[in-house]
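In what follows, chains are A, B, ... by sequence order, proteins preceding strands, each numbered from 1.
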Amino acid sequence: MENIKITFPDGSVKEFECGITSYSIAESISKKLAQFAVAAKVNGNVVDLNRPINENSEVAILKFDDEGGREVYWHSSAHLMAHAVQELFPEAKFGVGPAIETGFYYDIDIKTQLTDEHLVKIEKKMLELAQENKPFCRKELTKEEAVKFFTEKSDEYKLELLADVIEPDAQISLYEEGDFTDLCRGPHLPSAGLIKAVKLTNVSGSYWRGDEKNKQLQRIYGVTFPKKKQLDEHLHLIEEAKKRDHRKLGKELDLFSLQEDSGAGLVYWHPKGSRIRNEVETFWREAHFQNGYDILYTPHIGKSKLWETSGHLSHYKDGMFAPMQIDEQDYYAKPMNCPFHINVYKSQLRSYRDLPLRWAELGTVYRFEKSGVLHGLLRVRGFTQDDAHIFCTHEQIEDEIVEVLRFSLYIWKSFGFEDLKFYVSTKPEKAVGEDHLWEKATDSLVNALNREGLKYEIDEGGGAFYGPKIDIKIKDALKREWQMSTIQFDFNLPERFEMEYVGDDGQTHRPFMVHRALLGSLERFFGVLIEHFGGAFPVWLAPVQVAVIPVSQQGHMDYAEEVLKQLKKAGIRAEVDKRNEKIGYKIRDWEVHKVPYMVIVGDKEVEANGVSVRQHKKGDQGSFGIEEFISKIKDEIHNKTI
RNA sequence: GCUGGCGUAGCUCAGUUGGUAGAGCAGCUGAUUUGUAAUCAGCCGGUCGGCGGUUCAAGUCCGUUCGCCAGCUCCA
């Protein structure tokens with residue numbers, strides 16, 4: 001019999017006999033550890049604490065905060081919630097109830113429309129059940145036995161899930177906690193008593209198995225913790241995150257608006273927001289020229305013939321605004337820029353010597369998004385993509401992808417984003433384009449990511465019908481992931497538009513076409529940018545970089561105007577606060593509006609021919625000469641200091 | 001689009017069982033002339049999202065429509 005090596009959270013390793021459960025191990029080390037242990041990790045797999053360990057295994061005891069611990073804890077909480085719902089609504093039927101990044105949910109089928117009051121009752125019942133501290137017991141059955149069990153309960157949802165299990169001799173596991181039994185792979189907590197604090201956050205509709213043709217169940221979202229204090233901290237963090245919400249800051253800082261009379265999802269950029277956009281666009285253009293791109297401007301609308309050729313009218317019509325008729329022709333607002341870039345390509349005969357061609361455009365597109373999906377700046381109906389198309393030969397493709405990745409990282413880094421997630425989406429079932437092209441393209445994406453040492457996840461079959469892609473996602477203030485950059489192959493449009501180039505062999509060839517957007521859309525990017533900085537933009541982006549505040553209106557206004565003149569001459573965006581208020585009031589106001597620098601000018605400054613500098617959030621920075629201050633701030637702008 | 005919730009002054013929000021609206025901030029005017037996060041006083045400001053209905057009477061009840069919020073589905 002071999003021994004088992006156990007790693008503990010503190011890093012120490014001890015040996016135990018085979019056949020022991022990880023719970024007993026935890027207990028034999030310390031009662032306290034056992035009290036907080038939620039699961040065990042055996043050879044990399046998270047399992048129940050009470051299952052015997054029989055091999056020479058690497059075992060680690062998991063607590064709530066360890067990697068994988070929360071998932072077990074929240075998944076068990078989902079069961080406990082379902083149990084509570086079953087107690088209060090015996091007729092309830094249950095869909096699925098997994099742990100998610102910020103807690104858990106359970107899909108429930110009941111007639112009663114649940115309200116906040118119901119949630120409070122369910123919370124109470126959960127805490128009652130938790131106090132009973134019943135163990136979670138695993139039962140293993142054959143598929144036949146499991147089907148029998150759920151048939152007796154006439155539980156159609158679990159039966160449907162069981163029907164998906166193909167292998168006839170598959171082992172099915174159930175978990176029992178008190179009077180609640182659920183079909184589940186586990187693992188679970190040793191007992192419900194570990195759940196001490198509960199908050200059910202909201203109810204919403206959700207389609208059974210994620211298909212909008214199916215029945216809509218009620219999904220209850222919640223979060224639980226081993227300590228009340230952790231729950232309070234969690235709720236506090238959510239409140240703080242809401243303060244960064246770009247919709248709230250957009251209004252408070254007068255950056256943008258969406259107005260009912262012009263239509264949902266159509267953005268008004270106000271002067272301050274436009275100022276920031278202008279800085280972003282200028283930076284973007286310069287960076288593109290430096291990285292070997294040319295910039296195009298193309299029309300906003302096109303005749304139906306164009307969209308028939310591109311296939312948009314047969315595949316994407318629901319996503320387009322209805323056409324307008326001019327001279328008995330239908331014109332559509334463009335949902336994408338690609339056909340226009342292709343038309344530029346086709347305006348002359350292309351040689352392999354011309355490739356690669358890299359054409360970028362800040363292209364404004366209109367898409368008829370479903371009303372329920374619109375969300376501030378992050379999901380709109382009219383937006384400007386920082387689009388580009390790369391046309392190249394088969395030999396060039398991998399290097400081109402590497403260049404796009406590097407460029408993309410440079411752009412995101414310039415705005416202070418380091419936490420990006422990469423996803424590779426491969427060929428779906430329905431697809432156009434030859435297999436060897438898909439293979440070549442997918443390889444070039446994966447190789448490029450590997451060459452750059454970037455971690456990625458593969459979304460098998462998640463590509464568009466016209467080609468594989470890399471998506472880059474980042475999170476908003478409320479931890480929702482948004483797709484920003486995308487690098488997509490397109491095997492469809494080059495075919496449809498019959499794009500060609502003449503190779504060195506004198507024959508015609510079809511180029512590779514890569515569609516890419518780095519910021520995604522300026523609207524979505526701006527939304528995420530606002531949340532990223534919490535509205536306190538770095539100096540190079542700030543709409544007002546310096547507020548000049550005279551101590552008194554009568555004595556110091558001339559000097560303030562003189563300072564303003566010098567700042568403006570240096571290209572700095574500055575304003576004089578002429579209001580008849582005490583400086584405490586004015587400082588507070590500029591602080592609230594998150595202006596990076598304030599300069600206060602009074603008798604002392606007039607005499608010394610200087611300024612007194614105050615930095616946002618950091619307070620008084622002391623006295624500077626005017627020239628000295630200007631050169632400091634110009635450095636920051638030039639270096640794009642964040 | 002679907003499920004649920006919501007829409008009152010520029011903003012944030014009160015408004016009892018139906019009896020034709022209120023606060024703070026912002027704005028304007030005046031006083032004050034200020035030294036690092038809110039000076040004082042007065043004034044202005046609302047077809048209660050739109051339309052239709054029930055009622056003697058609708059911000060409040062019903063229908064419809066537009067928009068917003070959470071989530072689902074979809075997506076840059």
Below 6.0 angstrom between ring centroids: does that apply to [X] and [Y]?
X	Y	value
A:Trp412	A:Phe422	no
A:Phe383	A:Tyr366	no
A:Tyr293	A:Trp359	no
A:Phe321	A:Phe368	yes
A:His315	A:Phe465	yes
A:Phe489	A:Phe512	yes

Discussion item. Taking A:Glu531 first and then A:Arg247, would you say they form a salt bridge - that is, a charged N and a carboxylate O separated by under 4.0 Å?
Written reply: no
Discussion item. Under a 4.0 Å threshold between the charged nitrogen and the carboxylate oxygen, would A:Lys632 count as salt-bridged to A:Glu628?
Written reply: no
Does some side-chain heavy atom of [Y] sit less than 4.5 Å from a side-chain heavy atom of [X]?
X	Y	value
A:His270	A:Arg275	no
A:Asp471	A:Val424	no
A:Pro98	A:Phe104	no
A:Arg588	A:Glu591	no

Can you tell me, in whole Å, how much space there is between the [atom1] of [N] and that of [M]?
N	M	atom1	value
B:G35	B:C13	C1'	35 Å
B:G52	B:A23	C1'	33 Å
B:C40	B:G63	P	48 Å
B:G1	B:A37	C1'	47 Å
B:C61	B:G45	P	29 Å
B:U34	B:A70	P	49 Å
B:A38	B:C75	C1'	44 Å
B:G19	B:C68	C1'	31 Å

Starting at atom [atom1] of [X], determine the distance to atom [atom2] of [N], rounded to an integer number of angstrom.
X	N	atom1	atom2	result
A:Arg524	B:C75	CZ	P	12 Å
A:Ile108	B:G4	CD1	C1'	15 Å
A:Lys213	B:C72	NZ	P	18 Å
A:Lys215	B:G4	NZ	P	13 Å
A:Ile220	B:U3	CD1	P	18 Å
A:Tyr316	B:C74	OH	P	14 Å
A:Gln483	B:C74	CD	P	13 Å
A:Glu369	B:U73	CD	P	15 Å

Which of these nucleotides, [options], is closest to any side-chain atom of [X]?
X	options	value
A:Gln554	B:U33, B:U73, B:A76	B:U33
A:Glu212	B:A76, B:G1, B:A37	B:G1
A:Ser206	B:C72, B:A76, B:G1	B:C72
A:Arg614	B:U36, B:A76, B:C2	B:U36
A:Arg367	B:U33, B:U36, B:C75	B:C75
A:Ile583	B:C75, B:U33, B:U36	B:U36
A:Gln113	B:U36, B:G4, B:A76	B:G4

Discussion item. At less than 4.0 Å, is any side-chain N or O atom of A:Gln553 found next to OP1 or OP2 of B:U33? Yes or no.
Written reply: no
Practice prompt. Please state whether the phosphate of B:U12, meaning OP1 or OP2, lies under 4.0 angstrom from any side-chain nitrogen or oxygen of A:Lys251.
Written response: yes
Using a 4.0 Å heavy-atom cut-off across all strands, classify [X] as base, sugar-phosphate, or nothing.
X	result
A:Ser612	base
A:Ser521	base
A:Val380	base

Worksheet item: Looking at residues at least two apart in the chain, or sitting in another chain, which of them share a ring-ring contact (aromatic ring centres under 6.0 Å, His included) with A:His515?
Response: A:His389
Discussion item. Just checking A:Glu361: does its CD atom have more than 12 heavy atoms from other residues, nucleotides or ligands closer to it than 6.0 angstrom?
Written reply: yes
Practice prompt. Both distances under 3.5 Å, Watson-Crick or G-U wobble: on that basis, could you give the dot-bracket string for RNA chain B, with [ ] for crossing pairs and | for other-strand partners?
Written response: (((((((..((((.....[..)))).(((((.......))))).....(((((..]....))))))))))))....
Discussion item. Assuming nearest nucleotide by heavy-atom distance, tell me which of A:Glu591 and A:Leu519 is located more 5' along RNA chain B.
Written reply: A:Glu591
Worksheet item: When the nearest nucleotide of RNA chain B is assigned to A:Lys370 and to A:Phe383 on a heavy-atom basis, which residue is associated with the more 5' position?
Response: A:Lys370
Worksheet item: Does NZ or CZ of A:Lys158 fall inside the cone over A:Phe94's six-membered ring, less than 6.0 Å from its centre and within 45° of the axis?
Response: no
Response to the item:
Going 5' to 3' through nucleotides 63-70 of chain B and flagging B where a protein heavy-atom sits under 4.0 Å of the base, S where only the sugar-phosphate is that close, and - otherwise, we get ---BSSSS
Hey, can you pull the donor-acceptor pairs under 3.5 Å for the side chains in residues 413-420 of chain A, sequence neighbours left out?
unit_1	atom_1	unit_2	atom_2	d
A:Ser414	OG	A:Tyr410	O	2.7

Produce the list of close N/O pairs, under 3.5 Å, pairing protein atoms with atoms of nucleotides 26-28 of chain B; give distances to one decimal.
unit_1	atom_1	unit_2	atom_2	d
B:A26	OP1	A:Tyr585	OH	3.2

Worksheet item: Is the base of B:G71 touched by the side chain of A:Tyr207 through a donor-acceptor pair closer than 3.5 angstrom?
Response: no
Fill in: Base B:C72 to side chain A:Arg219, donor-acceptor N/O within 3.5 Å cut-off
no
Item to complete: Report the C-alpha separation of A:Thr102 and A:Tyr221 in whole Å, then their side-chain angles, then the decisive distance to 0.1 Å, and conclude whether the side chain to side chain donor-acceptor pair (under 3.5 Å) test is met.
Response: CA-CA 9 Å; A:Thr102 54; A:Tyr221 286 85; over 6 Å; no
Discussion item. Using a strict heavy-atom distance below 4.0 Å, which residues from residues 592-608 of chain A are in contact with RNA chain B?
Written reply: A:Ile600, A:Gly602, A:Asp603, A:Lys604, A:Glu605
